[in-house]
Student: 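Quick one: the structure is below, and I'll ask about it shortly.
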Amino acid sequence: MPKIKIKKELLHTPKGTRDILSDEAKNWEFIETKAKEIASYYGFRQIRTPHLEKTELFTPVGEFTDIVEKQMYSFRTRGGDHLSLRPEGTIPIMRSYLQHGMNALPQPVMLYYSGSFFRHESPQRGRFREFGQFGLEMIGEEDAIADAIVIRVMTLILEELGLGQFTVHINTLGDQECRPIYRKELLNYYRRKVNYLCKDCKKRLKTNPLRLLDCVEEKCIELKKDAPQMIEYACDACRKHFREVFEFLDKLQIPYFLDHHLVRGLDYYTRTVFEIFYNPPVPLEEPKKAPIINTDLEEESVKTFPPQEVPTEEPPPMIVPERAAPLKLAIGSGGRYDQLSGTLSPKKIAGVGGALGIDRLVEIIIKSKIQIIKETHPKIFLIQLGPQGKQQSLVLLEEFRKAKMSVASALAKDSLKNQLRITNNLKVQYALILGQKEAIDGTIIVRDMASGAQETIDQSKLIDYFKKLKKNKKY
Ligand SMILES: [Zn+2]
Ligand SMILES: [Zn+2]
């Protein structure tokens with residue numbers, strides 16, 4: 001027999017992608033369910049757009065270039081169309097809004113989405129090439145209340161997941177009135193320092209100077225400190241909008257930080273942009289002991305430093321003074337995109353949105369051992385023996401399901417011994433035993449696992465039997 005050569009590399013998911021196995025998927029499902037519940041409460045309705053869109057949708061003329069150039073998965077179909085895997089959620093939703101004439105609906109149109117997005121990232125911590133996002137879009141509303149609602153719902157989701165330690169970094173990018181002036185100032189500033197810029201930033205200087213503020217190279221971060229700030233150049237309307245957003249955030253007690261150099265990776269944003277950072281709680285430090293140099297020293301001579309003074313309980317400051325805190329793990333982001341529709345429609349349509357990165361949320365939840373899911377254990381286990389017992393157990397399981405009672409079983413197991421072992425491991429209250437004889441008689445044995453008492457009853461009375469037990473709080 002010829003030997004089959006097994007390709008080991010086939011047993012790996014493509015770089016930057018991964019399987020989400022059951023234990024982790026549980027967390028995904030919980031987060032998505034929670035997020036949907038909160039978004040729905042605030043009036044957002046679900047939308048599902050295709051994973052594929054026309055490439056051109058993401059490549060309108062203008063500044064929106066970085067993602068397109070480097071990060072999109074684009075290809076040509078057999079029919080000759082140029083398509084791309086969606087790299088983000090907002091543009092497809094704006095496309096859908098226009099395609100389906102949602103501007104005729106009462107405004108704003110509030111939508112939420114959940115799903116996979118694709119970018120050719122270099123896989124680093126928390127970054128995948130296929131990543132999950134839960135996002136919100138509020139289209140057709142210029143007022144700052146919309147910005148506040150998006151941020152409120154996103155932060156509420158975090159709070160309800162037990163991730164209450166976050167800070168919203170926020171900035172304004174101005175609009176078509178005032179941004180060009182700022183852009184020019186920024187150019188003036190950086191042109192004088194061109195020799196100190198990294199290679200990419202030298203390029204950005206020609207294409208999109210705002211992106212210089214986004215650079216992670218150390219020398220560029222240094223230069224950024226003295227760079228002009230958008231707020232200094234914002235026009236009256238942008239200033240007013242920005243101020244109103246804070247007023248809402250203050251009112252809602254959402255901790256935020258004015259990050260005057262926050263620009264965000266996508267270039268269609270106008271006015272409000274924000275990123276949400278998770279601040280891992282600092283572990284409580286043990287009082288430090290002085291190093292023991294001479295082991296012969298008496299124990300009492302080992303000095304103990306006094307524990308660090310714990311500040312008295314005060315409400316957290318609304319504005320974090322420095323960006324030096326251990327932040328850097330953005331778990332969500334978004335912004336206003338009043339100009340986005342410009343390339344797709346003659347009408348200007350205002351909008352604001354944001355998304356939470358589910359991969360990161362799950363990572364944080366697992367690492368910080370936050371128990372978000374209450375494990376429920378079944379209280380009844382159905383043991384089946386023999387082919388007829390197995391067949392009939394499928395019928396009974398379905399009856400239990402319809403009665404909304406949870407019953408565990410191990411239909412793939414045949415021996416009594418194995419099934420009893422599982423029953424014991426699950427610590428159920430009642431075992432049901434359905435053997436060949438019972439299957440023929442139409443009966444079943446109910447065994448109280450604590451007392452060991454058991455009785456045989458008619459299968460037709462089984463559901464009522466447990467309903468009665470439940471009513472008497474016996475299970
Ligand atoms: Zn740079
Ligand atoms: Zn402006």
Side-chain angles (χ1 to χ4, degrees), residues 62-71 121-122 124 127 141-148 169-248 258-275 323 327-328 330 334-342 347-353:
E63 298 177 331
F64 183 54
T65 50
D66 271 26
I67 281 195
V68 175
E69 273 174 18
K70 294 182 195 156
Q71 296 189 300
E121 301 271 6
S122 56
Q124 36 178 279
R127 288 211 170 178
E141 180 59 66
E142 272 186 69
D143 198 277
I145 182 75
D147 311 40
H169 286 219
I170 190 164
N171 191 21
T172 180
L173 291 183
D175 57 7
Q176 76 276 32
E177 295 288 318
C178 51
R179 193 182 333 178
I181 306 166
Y182 175 59
R183 204 186 133 109
K184 218 166 136 189
E185 273 312 306
L186 210 57
L187 264 176
N188 285 341
Y189 171 80
Y190 277 115
R191 272 201 188 120
R192 292 198 295 269
K193 315 219 182 285
V194 68
N195 291 333
Y196 304 101
L197 290 172
C198 77
K199 214 173 74 195
D200 282 340
C201 281
K202 277 180 186 148
K203 244 193 264 171
R204 287 181 189 131
L205 204 55
K206 291 190 191 102
T207 53
N208 185 1
L210 252 63
R211 291 300 306 274
L212 277 125
L213 299 170
D214 228 7
C215 185
V216 289
E217 291 283 329
E218 212 159 303
K219 49 185 179 177
C220 300
I221 292 175
E222 262 314 295
L223 286 179
K224 183 167 89 170
K225 286 181 185 156
D226 296 319
Q229 301 178 348
M230 177 65 223
I231 191 71
E232 309 276 340
Y233 301 87
C235 67
D236 286 349
C238 286
R239 240 171 231 271
K240 179 170 170 279
H241 184 93
F242 201 33
R243 199 181 51 240
E244 283 169 358
V245 176
F246 299 153
E247 284 167 4
F248 282 121
L258 301 185
D259 185 344
H260 291 296
H261 291 132
L262 178 70
V263 285
R264 305 274 304 107
L266 302 169
D267 299 326
Y268 51 65
Y269 287 117
T270 49
R271 293 193 172 162
T272 316
V273 281
F274 64 89
E275 283 183 352
R323 204 186 172 161
L327 304 168
K328 281 295 151 210
R336 179 163 276 284
Y337 44 82
D338 296 345
Q339 310 295 323
L340 172 65
S341 67
K347 265 193 236 149
K348 182 191 151 186
I349 294 152
V352 56

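Quick note: numbers below take in every heavy atom, side chains included, and nothing from hydrogens, waters or symmetry partners. Read the numbers this way: they start at 1 and go in the same order the structure lists the ligands and their atoms.
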Student: Suppose the cut-off is 2.8 Å; which protein N/O/S atoms would you list for the Zn ion (ligand 1)?
Tutor: Cys198 SG, Cys201 SG, Cys215 SG, Cys220 SG
Student: Under the salt bridge (Lys or Arg N to Asp or Glu O under 4.0 Å) rule, collect the residues that match up with Glu217, sequence neighbours excluded.
Tutor: none
Student: How about His261 and Asn171: do any of their side-chain heavy atoms sit closer than 4.5 Å?
Tutor: no
Student: Tell me, please, which residues at least two apart from Tyr233 pass ring pair (Phe, Tyr, Trp, His ring centres under 6.0 Å).
Tutor: Tyr182
Student: Just so I know, are the side chains of Pro209 and Lys184 near enough to count as touching, which here means a heavy-atom distance under 4.5 Å?
Tutor: no
Student: Is a donor from one side chain sitting under 3.5 angstrom from an acceptor on the other, for Asp147 and His241?
Tutor: yes
Student: Using 2.8 Å as the cut-off, note every protein N, O or S atom close to the Zn ion (ligand 2).
Tutor: Asp175 OD1, Cys178 SG, Cys235 SG, Cys238 SG
Student: Quick one: does any side-chain atom of Asp143 pair with a main-chain N or O of Ala146 as donor and acceptor, under 3.5 Å?
Tutor: no
Student: Which heavy-atom pair separates Lys219 from Leu197 by the least distance, and what is that distance?
Tutor: NZ-O, 3.9 Å
Student: Have a look at Val245 and tell me which of Thr272, Thr172, Val352 forms a side-chain contact (heavy atoms from CB on, under 4.5 Å) with it.
Tutor: Thr272
Student: Identify the two heavy atoms, one from Cys238 and one from Ala234, that lie closest to each other, and give their separation to 0.1 Å.
Tutor: CB-CB, 4.1 Å
